[in-house]
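Here is how names work: the chains are called A, B, and so on, in the same order as the sequence lines, proteins then strands, and each is numbered from 1. Fair warning: this is a prediction, and the values are worked out from it, not measured in the lab. Just so you know, these numbers use all the heavy atoms, side chains as well, and skip hydrogens, waters and symmetry mates.
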2 protein chains.
Amino acid sequence: MRKNKTSPSPRSDRLHLDRFIPYRLSVLSNTVSMNIARAYAREFDLSIPEWRVLAVLARYPDLSAVDVAERSAMDKVAVSRAVQSLLASKRLVRSYDKVDRRRSVLRLSAAGQSVYTRVAPLALGYEQRLMSALSATERRSLDRLLSVLLERAQQMK
Amino acid sequence: MRKNKTSPSPRSDRLHLDRFIPYRLSVLSNTVSMNIARAYAREFDLSIPEWRVLAVLARYPDLSAVDVAERSAMDKVAVSRAVQSLLASKRLVRSYDKVDRRRSVLRLSAAGQSVYTRVAPLALGYEQRLMSALSATERRSLDRLLSVLLERAQQMK
DNA sequence: AGCAAGTAGTTACAATTGCAACCATTGCCG
DNA sequence: CGGCAATGGTTGCAATTGTAACTACTTGCT
């Protein structure tokens with residue numbers, strides 16, 4: 001650790017990282033993701049993309065890979081790879097659409113269900129502990145802010 | 001696009017991704033980061049880590065690499081690599097501490113300053129447009145929520 | 001029917017990142 | 001002083017990720 005430099009006074013035309021929202025979002029998001037990943041990665045041998053695919057399919061069975069990609073905001077290559085490894089570990093079963101044989105139909109296997117029902121509470125528990133730093137009002141507020149910002153960010157693309 | 005499945009009703013013990021805060025944080029953060037990166041990456045040939053190092057040093061000159069890492073929440077390898085390429089592009093000058101010859105002393109070159117003064121307004125402009133989706137009150141609220149959550153997330157590590 | 005254009009999904013390859021091991025230097029303690 | 005733990009920083013290697021090109025199949029148009 002080093003001697004403290006005196007902080008330059010903030011000026012509105014200068015950027016300082018620790019007041020810059022995109023930066024703070026990124027730090028927070030990375031911190032949270034890594035915390036969670038540590039929790040289930042080692043214990044269940046699940047990567048983040050795998051976990052997302054599982055979570056989507058647990059809720060919406062029989063989606064195709066692109067449907068999963070849409071719902072999870074992952075790109076289709078990431079989904080493809082996650083699906084590969086979930087198939088390899090027998091946590092997913094894949095069939096194909098009768099009328100459109102390009103489309104896969106994905107569904108959790110019993111093993112996949114089982115992993116899901118064990119991991120989901122961990123994830124939810126983590127979220128609860130995180131959010132317990134906020135009051136109910138603040139939580140609702142955060143909820144809304146995230147929605148508004150995401151919508152705006154997406155339309156700014 | 002596919003026919004809509006009817007949404008299963010949410011139950012509190014089941015996780016659905018689009019209500020899960022860590023997931024939403026991650027989607028928002030990625031969307032925002034990619035939007036910004038597109039803006040300066042191509043135009044200035046700057047990666048995100050490089051940009052962060054630049055921003056820290058613009059504000060706090062003469063830090064060492066580990067100081068930069070601390071201030072920017074990057075790890076030291078990432079800083080080392082960003083510093084390498086910033087040195088190669090002559091946007092940074094490096095000297096070494098007289099009393100501790102392990103420590104580097106990093107500072108923007110004139111070219112670095114120049115890049116910074118051109119990129120910073122872009123970044124700030126993006127932030128403003130993003131945040132203009134929120135009222136002043138909401139902005140303050142977001143600000144506070146991010147601080148609280150980050151602190152909590154870090155202590156949960 | 002037949003072909004062009006579009007979509008689902010995979011693969012190959014390059015770029016990024018993360019981790020561990022590694023020097024060099026300094027600080028500490030006997 | 002001598003040696004050993006700790007710190008600053010870099011490097012090499014493996015794992016992850018992104019991009020583009022590709023195959024397979026379907027759709028729409030003529």
Side-chain angles (χ1 to χ4, degrees), chain A residues 1-3 26-27 29-31 33-35 37-38 41-42 45-53 56-57 62-88 92-107 157, chain B residues 1-3 26-27 29-31 33-35 37-38 41-42 45-53 56-57 62-88 92-107 157:
Chain A
M1 197 44 63
R2 214 59 216 308
K3 80 160 187 286
S26 150
V27 172
S29 162
N30 288 342
T31 305
S33 291
M34 282 186 47
N35 282 350
R38 237 198 330 274
R42 295 295 169 203
D45 188 37
L46 257 195
S47 71
I48 292 183
E50 287 173 337
W51 160 243
R52 288 194 177 168
V53 169
V56 169
L57 289 172
D62 296 330
L63 295 183
S64 73
V66 291
D67 293 337
V68 171
E70 272 172 32
R71 292 230 178 244
S72 61
M74 298 166 69
D75 85 63
K76 64 175 184 168
V77 177
V79 171
S80 171
R81 293 199 256 244
V83 166
Q84 300 286 351
S85 64
L86 288 170
L87 286 172
L92 225 60
V93 276
R94 174 168 61 183
S95 51
Y96 290 91
D97 192 303
K98 285 284 174 284
V99 313
D100 183 344
R101 290 186 340 244
R102 292 169 308 177
R103 299 180 68 85
S104 56
V105 175
L106 303 169
R107 171 190 287 266
K157 179 161 54 175
Chain B
M1 201 41 64
R2 213 63 216 308
K3 81 158 186 283
S26 149
V27 172
S29 162
N30 288 342
T31 305
S33 290
M34 282 187 47
N35 282 350
R38 240 199 326 275
R42 294 296 170 203
D45 188 38
L46 257 194
S47 71
I48 292 183
E50 288 172 337
W51 160 242
R52 287 192 177 170
V53 169
V56 169
L57 289 173
D62 296 329
L63 296 184
S64 74
V66 290
D67 292 337
V68 171
E70 272 172 31
R71 292 231 179 244
S72 61
M74 300 166 68
D75 84 62
K76 65 176 186 167
V77 177
V79 171
S80 171
R81 292 200 256 244
V83 167
Q84 301 284 350
S85 63
L86 288 170
L87 286 172
L92 225 61
V93 278
R94 173 168 60 185
S95 50
Y96 289 93
D97 193 303
K98 287 283 174 282
V99 313
D100 183 343
R101 286 180 350 237
R102 292 169 308 179
R103 299 180 70 82
S104 56
V105 176
L106 302 168
R107 171 191 287 266
K157 177 161 57 172

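No engagement by B/Ser47 is indicated, since no non-hydrogen atom pair under 4.0 Å with the nucleic acid exists. Residue-level contact check: B/Val66 touches the backbone only, with heavy atoms under 4.0 Å from sugar-phosphate atoms and none from bases. In this structure, A/Val83 reaches neither bases nor backbone, as no heavy-atom distance under 4.0 Å exists between it and the strands shown.
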Given side chain to side chain donor-acceptor pair (under 3.5 Å), test A/Ser47 with A/Arg81 step by step and report yes or no. CA-CA 11 Å; A/Ser47 71; A/Arg81 293 199 256 244; over 6 Å; no

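A/Lys98 places its NZ atom 15 Å from the C1' atom of D/dC25, with the value rounded to the nearest Å. The CD atom of B/Glu50 sits 9 Å away from the P atom of C/dT16 (whole-angstrom rounding). One atom, NZ of A/Lys76, and another, C1' of D/dG18, lie 13 Å apart when rounded to the nearest Å. Between the C1' atom of D/dG9 and the CG atom of B/Asp67 lies a distance of 13 Å, rounded to the nearest Å. When rounded to the nearest whole Å, the span between CG of B/Asp75 and P of C/dT16 equals 16 Å. D/dG18 atom C1' lies 17 Å from atom CD1 of A/Ile48, rounded to whole Å. The distance between atom CG of B/Asn30 and atom P of C/dT17, rounded to the nearest whole Å, is 12 Å. Rounded to whole angstrom, the span from the CZ atom of B/Arg101 across to the P atom of C/dC23 amounts to 19 Å.
A side chain to side chain contact (heavy atoms under 4.5 Å, CB included) with A/Arg71 holds for exactly one of A/Val53, A/Leu57, A/Leu63; it is A/Leu63.
With sequence neighbours left out, the side chain to side chain contact (heavy atoms under 4.5 Å, CB included) criterion links B/Ala69 to B/Val79.
Residues A/Met34 and A/Ala65 each lie close to DNA chain C; by heavy-atom proximity, the contact nearer the 5' end of the strand is made by A/Ala65.
Interface remark: the B/Arg81 side chain does form a donor-acceptor pair with the C/dG18 base, using a distance-only criterion of under 3.5 Å. For a distance-only test at 3.5 Å, the side chain of A/Arg102 qualifies as a donor-acceptor partner of the base of C/dT7.
Phosphate contact (OP1/OP2 of D/dT11, side-chain N/O of B/Gln84, threshold under 4.0 Å): present. Regarding contacts with the backbone of C/dG9, a side-chain N or O of A/Ser104 is found under 4.0 angstrom from either OP1 or OP2. An OP1 or OP2 oxygen of C/dT10 is reached within less than 4.0 angstrom by a side-chain nitrogen or oxygen of A/Arg94. Distances shown here put every side-chain N or O of B/Ser80 at or beyond 4.0 Å from the OP1 or OP2 atom of D/dG8.
Within the 4.5 Å cutoff, the side chain of B/Asp67 has heavy atoms near those of the B/Arg103 side chain.
Checking side-chain atoms of A/Ser80 against main-chain N and O of A/Lys76 turns up no donor-acceptor pair under 3.5 Å.
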